Q: 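What follows is a structure written as structure tokens; I'll ask about it next.
Just so it is clear, the model here is predicted, and its values are computed rather than measured. In the text below, chain A, chain B and the rest are named by the order of the sequence lines, each starting its count at 1.
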Amino acid sequence: MERRTRVRFAPSPTGPLHIGGVRTALYNYLYAKQKGGDFIIRIEDTDSHRFVEGAEKYIIDSLNWCGIKADEGVDENGKVVETPSERHPHAPYRQSQRKGIYKKYADQLVAAGYAYYAFDTPEELEKARAEVETKGETFIYNQLTRKTLRNSLTVSKEECDKLILERTDWTIRFKMPEDTVVKMDDLIRGHIEVNTDTLDDKVLWKRNDELPTYHLANIVDDHLMEITEVIRGEEWLPSLPLHYLLYKAFGWEDTMPRFAHLPLLLKPDGKGKLSKRDGDKLGFPVFPLKWVNAQGEVSRGYREDGYFPEAFVNMLAMLGWNPGDDREMFTIDELVDAFSLERVLKAGARFNPDKAKWYNKEYLRMKSDKELTDLFVPILEQHGLQIVECAKCALVAGSEISVQGADFTNHIFTVGYVEKVVSLIKERADFVKDFWDIAPYLFISPDEFAAFGVKAGAFSEKSQAARPVDPRAKVYDDSLTAPFLAKDVDKFWKKENYELAFKAADFVRSYTGDFSKEAFESALEEYIKSNEWPLGKVMNCMRMALAGASSGLGIADIVTFIGKKEVAKRMEFIKGKLI
RNA sequence: GCUGGGUUCGUAUAACGGUUAGUACUCAAGAUUCUCAAUCUUGCAAUAUGAGUUCGAUUCUCGUACCCAGUACCA
């Protein structure tokens, strides 16, 4: 009979979950949902020494942000699940809280001859290791060496019993069979065979802290929780033979889960697997959420960097898996439908920050203006602007909100104004947080840039590189002077061009026609051309005056947004600044 | 070192043993524009290597190189 699909994500709370871990959780989730089964979160905290405060909460928060919801596990709506219930029949899901259940399984293995007591102290083992290493070999606790070490196989029954009672630092080790070929099947890698002579006698139980090691706890819990597929990182592949043998030793072969070992996420330069330190070094986050460690060191997170969770999840899903065709945009529900372990790749994938950014851009464009506005408003408020629902809602006495919805004097804007700005600039942005940098001049006048911490000259990243400042280009005071190339100064930023721009501004002031962008744009261009002025030069000087930058939105856009009054004000300002 | 896993443009990837080796990102060029973006078009660019099997190999087998993981009383 087919068993109900049950998979688990079983992280260890030793620090923040990096994106490789998130992907493992994601694939587990996708698999479970596609099969109509359960996705379980279990916390493997059997190493008390490496426990990190807050890590478990971080893991849960991260998965929630990604939209990866567990059917069963440690957490329910922010509360730790302590006792079994209908929804969480196997609670608790923290191995430290389950410590009472593992010992009997370890004992069972000893009784059946699959495991034995080992009395070697860590110091003794360390010494044995060091000794062998001087000969250039590696010490392995296995069928060859266990005969020379102190354990229940080499000491008498009486002494063994005595040591078990007296000492508190013994362990139970798995007795790896000799010269046996373990035949395994992996859902991703196919058939694998390993000879047990290359394996060691792993510790299963630690007397000193009364806890099992990963290997024992993992097998016991997967069995008790009726896990049907174990989907985990490739770093576990070398311990797969041990896990197979453990299932066999327990007599649980019939219900042994199937295994799938996922390829690792590699650094962008291809050297080694992605690790926690890489992010800040390589300039992109390796964590879903921001993390501050005990030393106060901050690691960036995708959420804080402005990524949409949908984009992050989509990007992550495509690293090591593909649907078999050219599609690459997937919602998490679409991923559930399309996912299959058969199409997961064997080779490790290098993480590509550019593609992550591209995904975010694509998702940003799919969002409605309303949604983006809601995200942008708090940023504007942080910059000291007041955003109001309607023109009459302004709290400042005497504020005059224009028909467009802007009061530049009192820094008040209507939501409608913000939404129109968003609609105009969203295609130029990768992130919502870019909105402000793209067009600050739609909210504040260039004469206030310094007060608002805005850098004049909104150059693209590319053209920003090392531009020498030409003194003749100084139209604002030093703090606001954008760096110009000398050839551009001769081409655009001459006083005579500004004179023409002022005349064009006079035309704007007297313009009484349709003030929509299209109508106004053609009227302005027609006016400039009819006077036989150089269109590009006049327009650029206007932009410098109105936007405080040599590049940016179209003049007609800027003018119709800020309004005639503000145009006149900004023109007057720059007049006094020209040298 | 040993054991296991892996290897298609710079990156992510596609290709019943038969394709002109496709797509996306990045990059470059052109178009467009008042500038910058955006957009559109075009372009650059790959089967690690040597044998074998086969009429035919990116695809199957073996060797070599390189990369990764594991080699803990960590997970």
Q: Sequence neighbours excluded, which residues qualify as ring-ring contact (aromatic ring centres under 6.0 Å, His included) partners of F431(A)?
A: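 F431(A) satisfies ring-ring contact (aromatic ring centres under 6.0 Å, His included) with Y307(A) only.
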Q: Indicate, with a heavy-atom threshold strictly under 4.0 Å, whether E210(A) touches base, sugar-phosphate, or nothing.
A: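 Since no nucleic acid heavy atom lies under 4.0 Å of E210(A), the category is nothing.
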Q: Given that L553(A) and E427(A) both sit by RNA chain B, which one's nearest nucleotide is further toward the 5' end?
A: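 Between the two, 5'-proximity favours L553(A).
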Q: Please enumerate all residues that pass ring-ring contact (aromatic ring centres under 6.0 Å, His included) together with W533(A), with sequence neighbours excluded.
A: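 By the ring-ring contact (aromatic ring centres under 6.0 Å, His included) rule, W533(A) matches Y527(A).
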Q: I'd like the P distance from U53(B) over to U61(B), given in whole Å.
A: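 Here U61(B) and U53(B) have their P atoms 15 Å from each other.
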Q: Assign a letter to each nucleotide of nucleotides 70-75 of chain B from its 5' end: B, base within under 4.0 Å of a protein heavy atom; S, sugar-phosphate only; -, no contact.
A: S-SBBB
Q: Only counting residues at least two apart or in another chain, list the ones meeting side-chain hydrogen bond (donor to acceptor under 3.5 Å, both in side chains) with K355(A).
A: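 By the side-chain hydrogen bond (donor to acceptor under 3.5 Å, both in side chains) rule, K355(A) matches E328(A).
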Q: The criterion is side-chain hydrogen bond (donor to acceptor under 3.5 Å, both in side chains); which residues satisfy it with R42(A), sequence neighbours excluded?
A: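 With neighbours one apart ignored, the set is E44(A), D222(A).
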Q: Taking the six-membered ring of F435(A), is NZ or CZ of K426(A) closer than 6.0 Å to its centre and within 45° of its axis?
A: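 Cation-pi check for K426(A) and F435(A): fails.
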Q: Pick out which of N218(A), D45(A), D221(A) makes a side-chain hydrogen bond (donor to acceptor under 3.5 Å, both in side chains) with Q95(A).
A: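 For Q95(A), the side-chain hydrogen bond (donor to acceptor under 3.5 Å, both in side chains) check succeeds only for D221(A).
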Q: How would you list all residue pairs meeting side-chain hydrogen bond (donor to acceptor under 3.5 Å, both in side chains) that involve residues 312-326 of chain A, not counting sequence neighbours?
A: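 Of all non-adjacent pairs touching residues 312-326 of chain A, those that pass side-chain hydrogen bond (donor to acceptor under 3.5 Å, both in side chains) are N314(A)-Y363(A), N322(A)-R343(A), D325(A)-R327(A).
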Q: Between protein and nucleic acid, restricted to nucleotides 39-43 of chain B and to nitrogen or oxygen atoms under 3.5 Å apart, what atom pairs and distances do you find?
A:
from: U39(B); atom 1: OP1; to: R365(A); atom 2: NH1; distance (Å): 3.3

Q: Tell me, for nucleotides 7-16 of chain B in 5' to 3' order, what letter each nucleotide earns: B for a base near a protein heavy atom under 4.0 Å, S for only sugar-phosphate near one, - for neither?
A: S---SSSSS-
Q: Counting runs of three or more consecutive pairs, Watson-Crick or G-U wobble, with each distance below 3.5 Å, where are the stems of RNA chain B?
A: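 So the stems come out as B:1-7 with B:65-71, B:10-13 with B:22-25, B:27-31 with B:39-43, B:48-52 with B:60-64.
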Q: Using the C1' atom in both, what is the distance from U7(B) to U49(B), to the nearest Å?
A: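 Pairwise C1' distance, U7(B) against U49(B), rounds to 11 Å.
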Q: What's the NZ-P distance between K517(A) and C34(B), to the nearest Å?
A: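 Checked: the NZ to P distance equals 11 Å.
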Q: Verify whether one side chain among Y141(A) and N151(A) offers a donor that lies under 3.5 Å from an acceptor in the other.
A: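 Checked: Y141(A)/N151(A) side chains pair up, N/O donor to acceptor below 3.5 Å.
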Q: Classify the nucleic acid contact of L535(A) as base, sugar-phosphate or nothing, counting any heavy atom under 4.0 Å across all strands shown.
A: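 Answer is sugar-phosphate: L535(A) comes under 4.0 Å of backbone atoms only.
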Q: Determine the interatomic distance between P on U64(B) and the same-named atom on C2(B); round to the nearest Å.
A: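 So the two P atoms sit 11 Å from each other.
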Q: Under 6.0 Å between the ring centres of Y114(A) and F174(A)?
A: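 No, too far apart.
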Q: List in chain and number order the residues that pass side-chain hydrogen bond (donor to acceptor under 3.5 Å, both in side chains) with N293(A), two or more places apart in sequence or in another chain; answer none if no residue qualifies.
A: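 So N293(A) forms a side-chain hydrogen bond (donor to acceptor under 3.5 Å, both in side chains) with Q295(A), E297(A).
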Q: Could you work out the separation of C16(B) and A51(B) based on their C1' atoms and round it to a whole Å?
A: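 Taking atom C1' in both C16(B) and A51(B), they lie 26 Å apart.
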Q: Remember a base hit wins even if backbone is also touched, and classify G536(A) as base, sugar-phosphate or nothing at under 4.0 Å, heavy atoms.
A: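 Touches sugar-phosphate only.
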Q: If you measure from the P atom in A65(B) to the same atom in G50(B), how many Å do you get, rounded?
A: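 Pairwise P distance, A65(B) against G50(B), rounds to 15 Å.
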Q: Going through the distances and angles, do W205(A) and Y102(A) end up as a ring-ring contact (aromatic ring centres under 6.0 Å, His included)?
A: CA-CA 8 Å; W205(A) 172 267; Y102(A) 304 106; 7.7 Å; no
Q: Do R167(A) and F119(A) form a cation-pi contact, if we require the NZ or CZ to be under 6.0 Å from the six-membered ring centre and within 45 degrees of the ring's axis?
A: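 Because its charged atom misses either the 6.0 Å distance or the 45° angle limit, R167(A) does not stack over F119(A).
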Q: Could you check whether Y116(A) and D201(A), counting side-chain N and O atoms only, form a donor-acceptor pair closer than 3.5 Å?
A: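 Yes, side-chain donor-acceptor contact under 3.5 Å.
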Q: Could you give the distance separating U20(B) and G1(B) at their P atoms, to the nearest angstrom?
A: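 Result for the P pair: 43 Å, nearest Å.
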Q: When rounded to the nearest Å, what value does the distance between P atoms of G56(B) and C44(B) take?
A: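 Looking at atom P only, G56(B) and C44(B) are 31 Å apart.
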Q: Name the orientation class of the two ring planes belonging to F287(A) and Y58(A) (parallel below 30°, tilted from 30 to 60°, perpendicular beyond 60°).
A: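 F287(A) and Y58(A): perpendicular rings.
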Q: Specify the separation, in whole Å, of atom CG of N497(A) and atom P of U35(B).
A: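 It is 14 Å, rounded to the nearest whole Å.
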Q: If the plane angle is over 60° it's perpendicular, under 30° parallel, otherwise tilted; pick one for W236(A) and H215(A).
A: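 Ring orientation of W236(A) relative to H215(A): perpendicular.
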Q: Which of parallel (below 30°), tilted (30 to 60°) and perpendicular (above 60°) describes F502(A) and Y498(A)?
A: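 Plane angle between 30° and 60°, so tilted.
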Q: List the atom pairs, donor and acceptor, that lie under 3.5 Å between side-chain atoms in residues 188-196 of chain A and the rest of the protein, sequence neighbours left out.
A:
from: R189(A); atom 1: NE; to: H261(A); atom 2: O; distance (Å): 3.1
from: R189(A); atom 1: NH1; to: K346(A); atom 2: O; distance (Å): 3.4
from: R189(A); atom 1: NH2; to: H261(A); atom 2: O; distance (Å): 3.0
from: R189(A); atom 1: NH2; to: K346(A); atom 2: O; distance (Å): 3.4
from: H191(A); atom 1: ND1; to: M184(A); atom 2: O; distance (Å): 3.2
from: H191(A); atom 1: ND1; to: D185(A); atom 2: OD1; distance (Å): 3.1
from: H191(A); atom 1: NE2; to: E193(A); atom 2: OE2; distance (Å): 3.1
from: N195(A); atom 1: OD1; to: D197(A); atom 2: N; distance (Å): 2.7
from: N195(A); atom 1: ND2; to: D179(A); atom 2: OD1; distance (Å): 2.9
from: T196(A); atom 1: OG1; to: P177(A); atom 2: O; distance (Å): 2.7
from: T196(A); atom 1: OG1; to: D179(A); atom 2: N; distance (Å): 3.4
from: T196(A); atom 1: OG1; to: T180(A); atom 2: N; distance (Å): 2.9
from: T196(A); atom 1: OG1; to: T180(A); atom 2: O; distance (Å): 3.2

Q: Quick check on contacts: within residues 180-190 of chain A, what sits under 4.0 Å from RNA chain B by heavy-atom distance?
A: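 By residue number: R189(A).
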Q: Say we look at C68(B) and A29(B): how far apart would their P atoms be, to the nearest angstrom?
A: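 It works out to 35 Å between them.
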